[in-house]
Amino acid sequence: MSESLGESEANAGKRRGAPLQARPPASRHSRFVSAMKVALPLGAIALFATVLIYSGAFDTHDKLDISFREISTPNNDLRMVSPRVTGLDGSGRPYVLTADTATQAPGKPNHVTLDNVQADLKLENNTDWVSLSSTTGLLDTETQTLDLTQKIDIYASTGYEFHGTSVMVDFRKGTVSSSTPVEGHGPLGTLRADSMTANNANRTLHFQGRVKVRIYGQEGKGKQ
Amino acid sequence: APARAAEAAPRDPLSGFATNPDAPIEIESDSLEVQDQQHQATFIGNVVATQGGMKLRSDRLKASYAQGTGGKTQIQEIVATGNVHVMSKDDQSADGDWARYVVAKRNILMGDKVVLRQGKNIIRGTKLTIDLATGRSKIIGGAEAGAAKTGSTGRVKALFQPPPKEKK
């Protein structure tokens with residue numbers, strides 16, 4: 001097949017009148033083949049060498065080991081937005097918990113961290129209520145307790161208002177207690193104490209430690 | 001009637017307990033228990049209650065409150081028990097086992113082994129009534145509990161120290 005190719009090129013040369021004996025086609029092809037005989041093995045050797053080099057076979061021990069850095073696995077906690085929890089306390093009174101976000105702690109499914117949490121509890125007579133709000137809270141669904149920390153405000157429809165920094169709500173027992181100082185006011189006047197416990201069942205509030213109450217005078221609220 | 005009598009009378013030596021019953025009351029104690037349903041607040045331990053110039057100390061103090069006129073919660077009555085000591089501004093004091101302050105009546109009733117002091121003057125009796133509007137105090141005697149044992153007649157006993165004579 002290559003001869004027929006050569007005859008057509010010879011005729012082309014005749015037609016153009018170029019001298020035939022100068023470069024016969026067959027010799028150009030054979031030169032190509034002989035060049036390939038050398039180039040191909042060299043190429044193969046070069047490729048083989050590259051693979052060897054990059055496989056680290058010639059690496060010396062003092063060189064810097066390149067290893068993949070431990071990428072911290074993303075916290076696979078469960079986060080809920082605008083959660084709403086409802087339940088009944090130990091005496092069957094309803095309570096409602098709402099928050100901006102609720103995050104379940106990995107490994108502790110019953111521990112839920114709540115941001116900007118608000119808890120509303122019905123009081124013993126089922127008409128009055130208590131509302132607690134705080135920046136953060138930790139809900140334990142097993143013990144049914146809510147541990148509120150940071151800025152805590154407590155409002156009761158009976159006219160009491162308290163502020164504190166750490167409050168524990170026990171839904172089962174129906175108690176709200178603070179082991180840190182609280183201050184606030186009620187229908188009678190203003191009050192501060194080192195600690196407090198409020199019991200919903202018998203509607204009692206117990207204050208301990210340097211209690212100071214200022215009962216409004218009859219003339220007007222808190223007038224000197 | 002009584003008010004006019006109080007104005008006419010010169011200031012009684014024992015009228016130091018006058019105070020403004022409408023002034024705010026400050027109470028400090030070791031602990032406090034509020035029973036919201038019974039409208040009672042019980043202060044327990046080193047209780048100190050202050051109203052205007054008058055101060056009351058006791059082991060325990062119970063305040064009863066109720067909703068008064070205009071829906072305002074007001075103190076109705078304060079009962080102090082255990083080592084009750086009432087002091088007024090001008091060195092006048094009264095001691096007793098208990099004291100009951102009825103806010104509406106503006107008086108304090110003290111009982112059982114009452115001792116009223118003003119400077120060196122001492123009066124003992126079984127009941128003392130202090131009228132906070134006029135500051136007047138009235139002591140009455142009577143059968144004391146356990147009077148037979150102590151041999152006391154229960155009558156009022158007073159000891160007045162005459163002022164020292166001015167040297168001529």
Side-chain angles (χ1 to χ4, degrees), chain A residues 91 121-130 154-162 174-179 181-224, chain B residues 19-80 101-106 132-133:
Chain A
S91 313
L121 297 86
K122 267 285 173 80
L123 286 188
E124 173 268 342
N125 59 10
N126 259 328
T127 48
D128 289 319
W129 46 266
V130 170
I154 304 173
Y155 299 96
S157 60
T158 49
Y160 288 97
E161 174 182 337
F162 291 111
T175 59
V176 173
S177 53
S178 169
S179 53
V182 289
E183 51 90 17
H185 58 80
L188 264 181
T190 61
L191 175 143
R192 66 92 42 216
D194 287 348
S195 65
M196 171 194 101
T197 301
N199 189 319
N200 190 3
N202 49 27
R203 291 272 295 271
T204 57
L205 297 103
H206 202 82
F207 299 91
Q208 287 280 1
R210 296 182 302 151
V211 174
K212 185 161 189 173
V213 166
R214 180 185 170 78
I215 298 172
Y216 299 131
Q218 306 306 328
E219 306 128 342
K221 291 252 171 195
K223 229 196 264 157
Q224 292 301 328
Chain B
T19 183
N20 169 12
D22 295 332
I25 302 171
E26 292 212 353
I27 304 177
E28 295 185 28
S29 66
D30 293 342
S31 71
L32 161 66
E33 185 165 290
V34 177
Q35 275 145 347
D36 205 31
Q37 278 173 323
Q38 289 86 10
H39 298 301
Q40 278 182 352
T42 307
F43 297 81
I44 303 160
N46 301 310
V47 181
V48 178
T50 310
Q51 182 180 42
M54 200 171 70
K55 189 172 280 207
L56 178 146
R57 288 180 191 280
S58 67
D59 297 341
R60 198 181 177 92
L61 184 141
K62 181 182 282 188
S64 308
Y65 53 90
Q67 257 179 350
T69 51
K72 236 186 339 183
T73 302
Q74 290 166 344
I75 291 276
Q76 305 291 302
E77 182 180 84
I78 290 179
V79 178
Y101 173 16
V102 184
V103 178
K105 289 186 183 162
R106 297 168 182 254
L132 293 173

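Lettering follows sequence order; numbering is per chain, from 1. Side chains are part of it too, since the values below use all heavy atoms of this structure and drop only hydrogens, waters and symmetry mates.
Atom OG1 of Thr190(A) is separated from atom CD of Glu26(B) by 7.5 Å, given to the nearest 0.5 angstrom. Within the model, atoms CZ of Arg214(A) and CD1 of Ile27(B) stand 11.5 Å from one another, a figure rounded to the nearest 0.5 Å. With values rounded to the nearest 0.5 angstrom, Ser31(B) atom OG is found 14.0 Å from Arg210(A) atom CZ.
Considering only heavy-atom pairs separated by less than 4.5 Å from chain A, the leading option among Gln40(B), Gln38(B), Gln35(B) is Gln35(B). Contacts with chain B were tallied for Arg192(A), Met196(A), Arg203(A); Arg203(A) has the most, counting heavy-atom pairs under 4.5 Å.
Only the backbone of Asn202(A) comes within less than 4.5 Å of a heavy atom of chain B; no side-chain atom from C-beta onward does. For a residue to count as touching a neighbouring chain, one of its non-hydrogen atoms must lie under 4.5 Å from one of that chain's; by this rule Asp30(B) touches chain A with the backbone only.
Sorted pairs that involve residues 42-63 of chain B and meet ring pair (Phe, Tyr, Trp, His ring centres under 6.0 Å), not counting sequence neighbours, are lacking altogether. The ring pair (Phe, Tyr, Trp, His ring centres under 6.0 Å) pairs that include a residue from residues 182-210 of chain A are Phe162(A)-Phe207(A), where partners are two or more places apart or lie in different chains.
Of the residues listed (Leu188(A), Ile215(A), Val213(A)), the one engaging Ile25(B) in a side chain to side chain contact (heavy atoms under 4.5 Å, CB included) is Ile215(A), and it is the only one.
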